[in-house]
Amino acid sequence: MVSLDDLEALRKIDEHGMLDFYMRWPEAIREALEMAEALDIPDELRTGEITIRYGRPELLAVAGMGGSIIGGDILSDVLWDELDVPIQVCRGYGLPAWVGPGALVVVVSYSGNTEETLVAFYEALRRGCMVIAITSGGYLAKLCTRTGVPLLSVPGGRATRMSFPYLFFPLLVFLERFELARGLRQRAERTAELLSSMAKELGPERPVEENEAKKLALELVGTVPLVYGFKWLRSVAYRLKTQFNENSKIPSFSNWFPAMNHHEIVGWEAGEAFLKVFSALLLRSRGEPPEIRRRIELTKEMALDKASKILEIWAKGSSKLEEAISALYIGDMVSIYLALTRGVDPYRTKSIEALKAGMAELRVAERVEKAVGELI
Ligand code: F6R
């Protein structure tokens with residue numbers, strides 16, 4: 001195992017500078033907020049036969065895949081008891097049938113080349129939805145230029161998942177700009193401040209004994225992390241599962257309270273020998289409702305005690321937004337340290353690239369480009 005305090009060794013393995021970029025997340029958040037405020041969104045867009053009128057939407061749909069769309073889930077969880085319109089997260093080819101002209105559809109693909117997301121873009125345009133795209137380039141940028149759809153152009157050249165600040169924080173600004181929510185910009189700025197102090201506490205220079213993320217990574221070595229969240233930390237648990245997959249290159253799964261008490265808990269009857277391979281990583285909040293706290297404590301005693309260990313990440317901050325993003329930030333850092341201590345480059349995701357290359361022969365992106373051309 002690589003020592004997590006050997007900075008030279010860490011930098012060598014982390015050749016794309018993931019750790020360093022995480023130290024710059026607070027700046028990236030501020031930059032993303034400014035970019036989203038400055039984006040020119042017209043009152044009306046006429047393109048070919050299509051007319052789109054941008055006004056207060058009846059619902060927000062966020063379309064994308066993988067690291068590009070997780071922000072949609074987190075947004076929906078964090079604002080669950082605050083918004084008076086639904087947030088629909090759309091993964092896969094296209095959009096649900098009931099997404100129509102009253103919907104604001106934010107299409108997010110960091111590369112701009114994800115075929116499922118391109119189909120969703122086409123569908124949103126065809127149905128006359130209020131479309132906005134977030135991308136660093138690719139087909140999606142090209143299609144926006146061609147159609148006039150507002151495009152938030154984010155800095156490219158990184159992995160999607162590390163570019164989370166650019167893909168998530170603009171959604172908060174759009175909610176305010178479309179008069180669906182208030183005070184989000186302020187909460188986002190406080191989140192950036194919180195992350196500035198966390199970056200110092202979790203960064204590579206901080207030695208293991210004083211560094212929560214390094215400590216947790218070392219605890220997780222050799223186990224399959226099962227990550228549990230609840231309410232505003234629900235999708236953060238899923239995010240961490242995907243980060244253990246993509247950064248650490250290990251299997252990992254997630255679930256949430258109270259849902260896991262209605263099915264997964266029974267799987268924990270399987271017996272200790274069987275369950276030892278798992279570690280349980282619980283996302284906790286000082287503001288968790290009493291019924292959730294009770295469920296977590298009972299589940300630890302009755303089920304999770306059979307895991308090789310039970311670990312916890314306590315969210316920081318005073319708003320749900322700060323709590324969600326702080327837990328995500330710690331967890332992301334844990335997944336990177338876990339990769340590095342195993343001598344694994346956290347950046348590369350060979351299997352995703354190979355799968356996408358295998359799909360390319362169906363030429364979905366090219367077909368979407370042609371179909372959009374026929375629409376306008
Ligand atoms: C890569 C990653 C993946 C991609 C997904 C969609 O860092 O996290 O989950 O996000 O394959 O690709 P994009 O984000 O380019 O639309």
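Predicted, not measured: the structure shown is a model, and the values here were computed from it. Numbering of ligands and ligand atoms starts at 1, following listing order. FYI, the numbering just counts along the sequence from 1.
- A salt bridge links K370 and E374; the closest N-O separation between the charged side-chain nitrogens and carboxylate oxygens is under 4.0 Å.
- Against a heavy-atom cut-off of under 4.0 Å, T114 is close to the following atoms of ligand 1: 6 (C), 12 (O), 13 (P), 15 (O), 16 (O).
- By the ring-ring contact (aromatic ring centres under 6.0 Å, His included) test, Y166 is found to be paired with no residue, residues two or more places apart in sequence or in another chain being considered.
- Of all the atoms in ligand 1, the ones that sit under 4.0 Å from a non-hydrogen atom of G67 are 3 (C), 4 (C), 8 (O), 9 (O), 10 (O).
- In terms of protein heavy-atom proximity, atom 7 (O) of ligand 1 is nearest to R161 NH1, 2.6 Å.
- Of all the heavy atoms in G183 and E176, the pair that sits closest is N-OE2, 2.8 Å.
- By the 3.5 Å distance cut-off applied to N or O atoms, S68 is counted among the residues near ligand 1.
- Across every non-hydrogen atom of T114 and S109, the tightest pair is OG1-OG, 3.5 Å.
- Scanning all protein heavy atoms for the shortest distance to atom 15 (O) of ligand 1 gives S111 OG, 2.6 Å.
- Two residues are said to be in side-chain contact when any heavy atoms from C-beta on lie closer than 4.5 Å; R127 and V105 fail this criterion.
- The ligand atoms of ligand 1 that sit less than 4.0 angstrom from a heavy atom of Y110 are 13 (P), 14 (O), 15 (O), 16 (O).
- The protein non-hydrogen atom at the shortest distance from atom 2 (C) of ligand 1 is E246 OE1, 3.0 Å.
- Note on E297 versus K300: salt bridge recorded, some NZ/NE/NH1/NH2 to OD/OE distance being below 4.0 Å.
- Considering backbone and side-chain N/O atoms, G66 never comes within less than 3.5 Å of an N/O atom of ligand 1.
- Considering backbone and side-chain N/O atoms, K356 comes within less than 3.5 Å of an N/O atom of ligand 1.
- Taking all atoms of both residues into account, the shortest heavy-atom contact from M333 to A213 is CB-CB, 3.8 Å.
- Here is the list of ligand 1 atoms found below 4.0 Å of a heavy atom in S109: 13 (P), 15 (O), 16 (O).
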